[in-house]
Amino acid sequence: MPIITISRGSASGGLLLARGLAVELGYESVSREDIIQDASKFGVSEALLQQAILKPFGFWDRLHHERRRYLAFMQAALCERAQGARIIYHGNAGHLLLAGVSHVLCVRLIAPMSYRIQRVVEDQGLSRDAAIRHIERMDRQREDWTRFLYGVNWLDPSLYDLTINLQTLAIEGAVSIVVAAAQRPEFQ
């Protein structure tokens with residue numbers, strides 16, 4: 001049984017894809033927030049874990065290893081959740097947190113900026129310009145985060161088994177494609 005990870009830019013439909021896959025495959029949908037909550041059992045507050053994962057990098061982050069320690073907690077919590085389970089992880093760098101696990105299907109979901117802007121405007125009530133700034137800021141943070149912690153560019157297509165573009169394909173079509181890939185023997 002595969003573990004499915006979904007990597008996406010901000011407001012690119014990752015949660016919708018995860019929900020659709022959960023229904024179709026009967027898997028548990030696991031978010032970054034779920035893993036942060038699980039990781040807090042290691043004695044670190046959820047607030048500190050959230051801050052370590054979401055806060056933009058500064059000068060002192062280059063000198064301290066606190067984020068790497070929190071990352072280890074996140075990785076341990078995700079591995080515990082995935083052990084023997086059927087999960088879809090739609091959070092930060094799941095494909096990198098589970099590197100080396102043979103049955104992980106790594107999916108990259110992309111969507112046109114117009115789709116992303118519309119989602120942020122509807123979900124967060126921001127203006128169009130504020131939505132664009134929000135998306136750009138969040139994507140920059142994800143890029144910085146993966147480059148700092150893993151030394152990779154999160155947009156590198158070689159990090160993914162499957163890339164799906166929502167330019168012309170609806171979420172339902174994306175679900176069908178991922179379900180077909182998840183049933184391949186390579187991911188069992």
Side-chain angles (χ1 to χ4, degrees), residues 1-38 53 74-75 77-124 128 131-132 134-136 138-139 141-143 145-146 150 152-188:
M1 72 187 89
I3 297 166
I4 301 170
T5 64
I6 301 171
S7 177
R8 77 281 183 256
S10 183
S12 293
L15 177 59
L16 296 174
L17 178 59
R19 286 178 179 162
L21 290 169
V23 168
E24 189 72 24
L25 294 169
Y27 284 28
E28 178 185 9
S29 178
V30 179
S31 69
R32 176 188 63 228
E33 291 75 21
D34 295 329
I35 296 303
I36 287 172
Q37 185 176 21
D38 290 355
I53 300 304
M74 296 275 295
Q75 190 170 28
L78 182 57
C79 286
E80 282 182 10
R81 179 78 74 122
Q83 193 171 25
R86 299 162 62 161
I87 68 167
I88 302 149
Y89 177 67
H90 56 98
N92 288 24
H95 60 299
L96 299 172
L97 288 168
L98 295 172
V101 178
S102 63
H103 57 286
V104 175
L105 172 59
C106 304
V107 177
R108 171 87 169 111
L109 184 64
I110 58 177
M113 187 58 99
S114 58
Y115 174 94
R116 298 171 73 192
I117 292 167
Q118 180 181 347
R119 298 230 14 106
V120 171
V121 167
E122 290 174 6
D123 294 347
Q124 298 183 26
R128 184 180 190 289
I132 292 169
H134 171 78
I135 291 166
E136 290 171 347
M138 296 303 292
D139 285 354
Q141 286 177 1
R142 283 191 175 120
E143 181 179 359
W145 193 82
T146 54
Y150 296 102
V152 298
N153 178 352
W154 74 302
L155 301 176
D156 180 353
S158 70
L159 297 173
Y160 307 99
D161 300 304
L162 184 61
T163 299
I164 299 175
N165 186 347
L166 296 180
Q167 177 72 38
T168 55
L169 189 65
I171 288 291
E172 295 77 18
V175 168
S176 295
I177 290 170
V178 177
V179 166
Q183 293 171 346
R184 297 281 311 154
E186 296 89 338
F187 297 110
Q188 301 308 308

Drop me the distance from R108's CZ to S12's OG, to the nearest 0.5 angstrom.
7.0 Å
Mark yes or no for whether E28, through its side chain, and I87, through its backbone, hold a donor-acceptor pair below 3.5 Å.
no
Selection residues 170-188 - residue pairs positive for salt bridge (Lys or Arg N to Asp or Glu O under 4.0 Å), sequence neighbours left out:
R184-E186
I need the full list of salt bridge (Lys or Arg N to Asp or Glu O under 4.0 Å) pairs touching residues 90-100, with sequence neighbours left out, sorted by first then second residue.
none
E143 versus L155: any side-chain heavy-atom pair under 4.5 Å?
no
Compare every heavy atom of T146 with every heavy atom of A93, then report the nearest pair and how far apart it is.
CB-CG2, 4.2 Å
Of all heavy-atom pairs linking L162 and A181, the shortest is CD2-CB, 4.1 Å
Calculate, to the nearest 0.5 Å, the distance between atoms CZ and CG belonging to R86 and L21 respectively.
12.0 Å
How would you list all residue pairs meeting salt bridge (Lys or Arg N to Asp or Glu O under 4.0 Å) that involve residues 4-24, not counting sequence neighbours?
none
Does D139 use its side chain to pair, donor to acceptor, with the backbone of E136 at less than 3.5 Å?
no
With rounding to the nearest 0.5 Å, note down the distance linking CD1 in I135 to CD1 in I117.
5.5 Å
Which atom pair, heavy atoms only, marks the closest approach of I6 to G14?
CD1-O, 3.9 Å
Heavy-atom distance under 4.5 Å between the side chains of V175 and L17, does that happen here?
yes
Would you check if C79 and L98 make a side-chain contact, meaning some heavy-atom pair closer than 4.5 Å?
yes
Under the side chain to side chain contact (heavy atoms under 4.5 Å, CB included) criterion, do L169 and I177 qualify, and how do the steps go?
CA-CA 10 Å; L169 189 65; I177 290 170; 3.6 Å; yes
To the nearest 0.5 Å, how far apart are CG in L15 and NE2 in H90?
5.5 Å
With the side chain counted from C-beta on, respond yes when R119 and L16 share a heavy-atom pair under 4.5 Å apart, and no when they do not.
yes
Quick one: does Y115's side chain get under 4.5 Å of Q167's, heavy atoms only?
no
Short question: side chain of D38, backbone of L78 - any donor-acceptor pair under 3.5 Å?
no
In Å and rounded to the nearest 0.5 Å, what is the OG1 to CG distance from T5 to L105?
7.0 Å
Restricting to non-hydrogen atoms, name the atom on V121 and the atom on A131 that form the minimum distance, rounded to 0.1 Å.
CG2-CB, 3.9 Å
Could you pull out the closest heavy-atom pair between N165 and P112, with the gap in Å?
OD1-CD, 4.4 Å
Is the closest side-chain heavy-atom distance between H134 and S10 below 4.5 Å?
yes
From OG (S7) to OH (Y160), nearest 0.5 Å:
3.0 Å
Side chains of F187 and D161, heavy atoms from C-beta outward: is any pair under 4.5 Å?
yes
What one should report as the nearest heavy-atom pair of I4 and A182 is CD1-CB, 4.0 Å
Minimum side-chain heavy-atom gap L97-I35 below 4.5 Å
no
